[in-house]
There are 2 protein chains.
Amino acid sequence: MVKAADRAKNPARSSVWLEERAPRSGGGPAGLDRDRIVAASIRMLDEEGLAKLSMRKLATELGVTAMSLYWYVDTKDDIIEYAVDTVYGEIDLAAVDAAGDWRERIRVLALDYRRMLVNHPWMSPCAGQYLNIGPHAILVGGKIQEAIGDTGLPMTRQPSAMSAVFQFVYGYGTIESQFERRAAEAGMSQDDFYGESIRAFRDDPQFVEALEPMAEILDERASHGSVTAIWDRDFDYALEVLIAGIEVMVERSRTEDAPGT
Amino acid sequence: MVKAADRAKNPARSSVWLEERAPRSGGGPAGLDRDRIVAASIRMLDEEGLAKLSMRKLATELGVTAMSLYWYVDTKDDIIEYAVDTVYGEIDLAAVDAAGDWRERIRVLALDYRRMLVNHPWMSPCAGQYLNIGPHAILVGGKIQEAIGDTGLPMTRQPSAMSAVFQFVYGYGTIESQFERRAAEAGMSQDDFYGESIRAFRDDPQFVEALEPMAEILDERASHGSVTAIWDRDFDYALEVLIAGIEVMVERSRTEDAPGT
DNA sequence: GAGAGTCCTTGTACGGTGTACGAGACCTAG
DNA sequence: CTAGGTCTCGTACACCGTACAAGGACTCTC
């Protein structure tokens, strides 16, 4: 058995997905099972957040002691890596295939990716930290690559364009989900929390000057409906910026390939 | 004095920057001081990483007990918030002013922001978690807003375009810095680490199928120089995608404003 | 039925964490 | 000399991830 300590000595392989390890399936008295552990951890992560998840609490939730979990898993990080990949599975790849051209496929993928991040606020920090090479994540990556491949961009540029779109989605989903998490922790709606934050800002003399140039924009946005509507509107528009940018670069690469024509 | 526990009850104000609290400056025997604490924490974070920073170690570094730090700071999170904002100060805003039109200003800002994230791998998770409304962060935000304001985009669209660019930079800087961190932890150069990772991938039968469509791209990239050169190339190109996209949207908003002409 | 072996669960313990609380040491003002 | 503010420290609490070894519950073999 590969111990956690051994794994730490080989950080290049520091992912559950790079271990060969038979999944211990639960014929035991507690009816435990890796899938059950991962499912329970996702439930607790959604409800309580990343910081609150501990092996002891997770075990209690499953009616078992903390150390029992270590029969199915090497470390707590492994559980989180499994949870992350499971959640990647929520992205509906069939819907992507059903969509139209690459523009629509990218929109569908981006929207679903963003929704996943917002539905599971713990995902952002985890996805940033781990390798994300579980089976579901790999499938998602393949679909992204496929869509980008259809843009007509030269192959050397495709990974870069993938970054442009999906690192944006990751960043956007991160702040959006953290905002939502904070609102929830404060026990407020997003709208109330937004109003409170802006007010706290405005009342604070040290910020008056910094806020002044933004005032016009803030007012426009405050009058424009709910916070979630603004999140949606901004995201959609930013996606259009990216798609338009890709179209331009496709065109440029065409004319550069055949400058004489 | 506002206690940490009190702060937790008012999460809408959950940032050091929203507390009014006199900075206790150090006339004490240990010569301590909030600036010294923050500077030491940045040094330790750079050297050891976010997970390794503890109040006791930080205190030892400063020749003091852990509890001494709490005279200058309410919680560990406060120290990190101060550290985050201090590092935001590394972005060279004068260089941005010296740059040319909005395109160049965005390039300079994006590059510097990315460099900041890569130089301090602990920044990504922290910047994602806290509000980032310290004085330096506000100044950076203002500069970004200024540059975007000069694009000619309608005001309602400017925050969205800001997101498109700088959430991308955040996401890109996150994976880049995490990759570098992992390589460093493995005691390898980025090139060696990349080679090792790809090899581990290729050798693993469960990934063969998933890798097949990417093989061509991977080969091209492997032959194209160092990993850091590829990071740079991809980032520059993605930025051009974004700038081109903004240009298109500016044009579109012009023709929509005056559809009859 | 007895014994052995495998699978699973548990109790205990170690070394860490953030930080609340109260006791003291110092320095300055009256 | 005393009083009070400023700063540091020792102790303690609750909690964390997890190493280790003991034990219970099955199944298989004789």
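A, B, ... follow the sequence lines: proteins, then strands. Residue 1 opens every chain.
In this structure, A/K76 places its NZ atom 18 Å from C1' of D/dA19, rounding to the nearest Å. Separating the CG atom of A/D74 from the C1' atom of D/dG17 is a distance of 13 Å, rounded to the nearest angstrom. Between A/M55 atom CE and C/dT9 atom C1' the separation is 14 Å, expressed in whole Å. Computed from coordinates, the A/K57 NZ to D/dA14 C1' distance equals 12 Å when rounded to whole Å. Atom CG of B/D33 and atom C1' of D/dT6 are 14 Å apart (whole Å). Distance, B/Y70 OH to D/dC7 C1': 16 Å, rounded to whole Å.
Residue contacts for A/L69: at a heavy-atom cut-off of 4.0 Å it reaches no nucleic acid atom on any strand shown. The residue B/S54 sits close only to the backbone: its heavy atoms come under 4.0 Å of sugar-phosphate atoms, none of a base. Looking at heavy-atom distances under 4.0 Å, B/L53 makes contact with sugar-phosphate atoms alone, never a base. Residue-level contact check: A/K52 touches neither bases nor backbone, having no heavy atom under 4.0 Å from any strand.
The side-chain hydrogen bond (donor to acceptor under 3.5 Å, both in side chains) search around A/N132 returns none, not counting sequence neighbours.
A donor-acceptor contact under 3.5 Å is not formed by the side chain of B/R56 with the base of C/dG16.
Side-chain proximity of A/W71 to the nucleotides C/dT9, C/dT17, D/dT8 is greatest for C/dT9. Each of C/dC8, D/dG10, D/dC20 was ranked by its minimum atom distance to the side chain of B/T65; first place goes to D/dG10. The side chain of B/M67 lies closest to D/dG10, out of D/dG10, C/dC8, D/dA19.
Salt-bridge check for A/E48 with A/K57: failed, with every basic side-chain N at 4.0 Å or more from each acidic carboxylate O.
A/F201 pairs with exactly one of A/L211, A/L218, A/V208 by the side chain to side chain contact (heavy atoms under 4.5 Å, CB included) rule, that one being A/L211.
For B/Y72, a side-chain nitrogen or oxygen approaches OP1 or OP2 of D/dT8 to under 4.0 Å. Contact annotation: A/S68 does not reach the phosphate of C/dC8 (side-chain N/O to OP1 or OP2, under 4.0 Å).
Annotation: A/Y130 is not in aromatic contact with A/Y82 [ring centroid separation under 6.0 Å not met]. Residues B/F168 and B/F235 place their aromatic rings such that the two centres sit under 6.0 Å apart.
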